[in-house]
Asks: 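Here it is, the structure in full.
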Amino acid sequence: MTHAETKRQLWYVQRISAMVLACCVVAHLAIMIYAVRGGLSGAEILARTQGSWLFGAFYAVFVLGCAAHVPIGVTNIAEEWFGVRGFKSTLIAQLFTWGILILGLRAVWGVIAS
Amino acid sequence: MTKTLAVSVWRGKEEGGFVSYEVPRRDNQTVLDVITHIQRNVDHTLAYRFACRVGMCGSCAMTVNGKARWTCRTHVSQVAENGKLELAPLANLPIVKDLVTDMRDFFDKWARGLGQFKGSRTRKDEFEKVRPDSKARMAADAGIECIGCGVCYASCDVVSWRPDYLGPAALNRAWTLVNDQRDTQLVERMKAVAGDAGCHSCHTQGSCTERCPKQLAPTAGIAGLKRQLMTTPAGGK
Ligand code: SF4
Ligand code: SF4
Ligand code: FES
């Protein structure tokens with residue numbers, strides 16, 4: 001695949017993931033505001049989230065959205081502001097993709113596993 | 001109105017500096033008049049470029065008080081701040097001398113974005129009928145009046161960050177041809193304008209559209225290219 005074609009595809013991935021993330025953020029904020037209305041402790045939160053697959057699925061989508069969206073943006077910034085190109089910019093993208101995936105999914109697992 | 005203008009003008013090449021001149025203030029004076037006054041009456045060695053003086057040729061663009069403008073149709077009264085003018089060559093292009101830039105990159109990029117029309121009919125064929133109210137024709141119309149002044153190119157941050165970025169004018173040109181039903185190079189052109197040297201690098205912030213003296217909207221054309229490329233691969237798989 002040509003460089004131009006890769007970049008073309010990534011552009012659409014970034015836009016679509018942005019839409020997914022926008023929905024996720026709204027839902028996330030709504031859930032949070034609803035859940036902590038009367039104050040809530042960590043233990044109480046865990047009691048609700050543990051074993052909730054729906055909750056897990058929602059945040060897994062959130063993490064996947066971030067893992068798709070963030071690396072593209074970060075690479076663009078690195079390319080445009082710091083003149084990074086080629087192998088280095090691929091490396092930055094990979095680092096962010098895997099970092100977000102591993103840390104994010106681990107965190108989701110942490111709150112739903114009982 | 002102040003009777004004189006304090007004008008500082010870029011002299012030299014990439015290395016150089018601003019030199020101050022005093023120029024008499026006149027009614028309806030344009031920025032180009034100011035430069036011409038300096039060149040004719042103060043320092044004959046000042047280099048600048050113009051041709052038509054009526055906003056058609058696109059050769060007189062410069063940086064006036066920090067912003068790219070066409071100078072022949074910019075009145076001093078619109079831009080002078082406290083009787084002061086600062087004139088520099090266009091940004092994002094190599095300086096030849098003083099206020100003259102080397103526009104080769106700018107026009108080479110039009111060629112790279114396949115800015116040339118190529119039809120299939122000869123003079124022996126019938127004229128092709130293009131409906132003036134068709135969507136494509138109207139889209140082409142909206143971008144067609146470009147005079148190639150380079151104001152948009154000099155105002156685009158992405159051009160300065162990505163030297164191979166085609167830039168607003170070349171992409172605007174490509175968009176007018178994409179909307180020309182007679183043109184036969186659509187597939188190659190879409191390849192040429194895809195990716196990070198093409199439309200996908202545009203940040204859609206619209207400095208080009210804000211500054212274009214012909215009130216064109218390259219940003220809108222670039223968005224059109226992105227829409228079209230959603231379903232067209234850039235090829236070369
Ligand atoms: S809208 Fe796009 S082409 Fe126009 S100045 Fe901004 S980045 Fe450049
Ligand atoms: S699009 Fe506007 S600013 Fe850009 S070269 Fe054409 S006329 Fe000049
Ligand atoms: S001199 Fe021709 S556009 Fe200004």
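The chains referred to below are lettered A, B, ... by the order of the sequence lines, with proteins before strands, and numbering in each begins at 1. All values below were derived from every heavy atom in this structure, side-chain atoms included, with hydrogens, water molecules and symmetry-related copies excluded. Because the structure is predicted, anything quoted here is derived from the model rather than measured.
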Asks: Taking CZ in A/R48 as the centre, count heavy atoms belonging to other residues, nucleotides or ligands within less than 6.0 Å. Is the count above 12?
Replies: no
Asks: Other residues, nucleotides and ligands only: do more than 12 of their heavy atoms fall within 6.0 Å of CG on A/L54?
Replies: no
Asks: Inspect the surroundings of CD in B/Q116 and state if more than 12 heavy atoms from other residues, nucleotides or ligands are less than 6.0 Å away.
Replies: yes
Asks: When you look at NZ of B/K97, are more than 12 heavy atoms from neighbouring residues, nucleotides or ligands closer to it than 6.0 Å?
Replies: yes
Asks: Is there a side-chain contact between A/E5 and B/K191, using heavy atoms and a 4.5 Å cut-off?
Replies: no
Asks: Is any side-chain heavy atom of B/H200 less than 4.5 Å from a side-chain heavy atom of A/Q9?
Replies: no
Asks: Looking only at heavy atoms, what is the nearest atom pair of A/A4 and B/A194, with distance?
Replies: CB-O, 3.8 Å
Asks: I'd like to know whether CE of B/M56 has more than 12 heavy-atom contacts from other residues, nucleotides or ligands below 6.0 angstrom.
Replies: no
Asks: I need the B/D196 CG to A/W11 CH2 distance, nearest 0.5 Å.
Replies: 13.5 Å
Asks: Would you say A/F62 has more than 12 foreign heavy atoms packed within less than 6.0 Å of its CZ?
Replies: yes
Asks: Please round to the nearest 0.5 Å and tell me the distance separating atom NZ of B/K226 and atom CZ of A/R8.
Replies: 13.5 Å
Asks: Can you check whether B/T231's main-chain N or O pairs, donor with acceptor, with A/Y12's side chain at less than 3.5 Å?
Replies: no
Asks: Please report the interatomic distance OG(B/S201) to CD(A/E79), rounded to the nearest 0.5 Å.
Replies: 7.5 Å
Asks: Would you give the length of the straight line joining atom NZ of A/K7 to atom SG of B/C199, rounded to the nearest 0.5 angstrom?
Replies: 13.5 Å
Asks: Identify the heavy atoms of B/R162 and A/R85 that sit nearest to each other, and give their distance.
Replies: CA-NH2, 3.8 Å
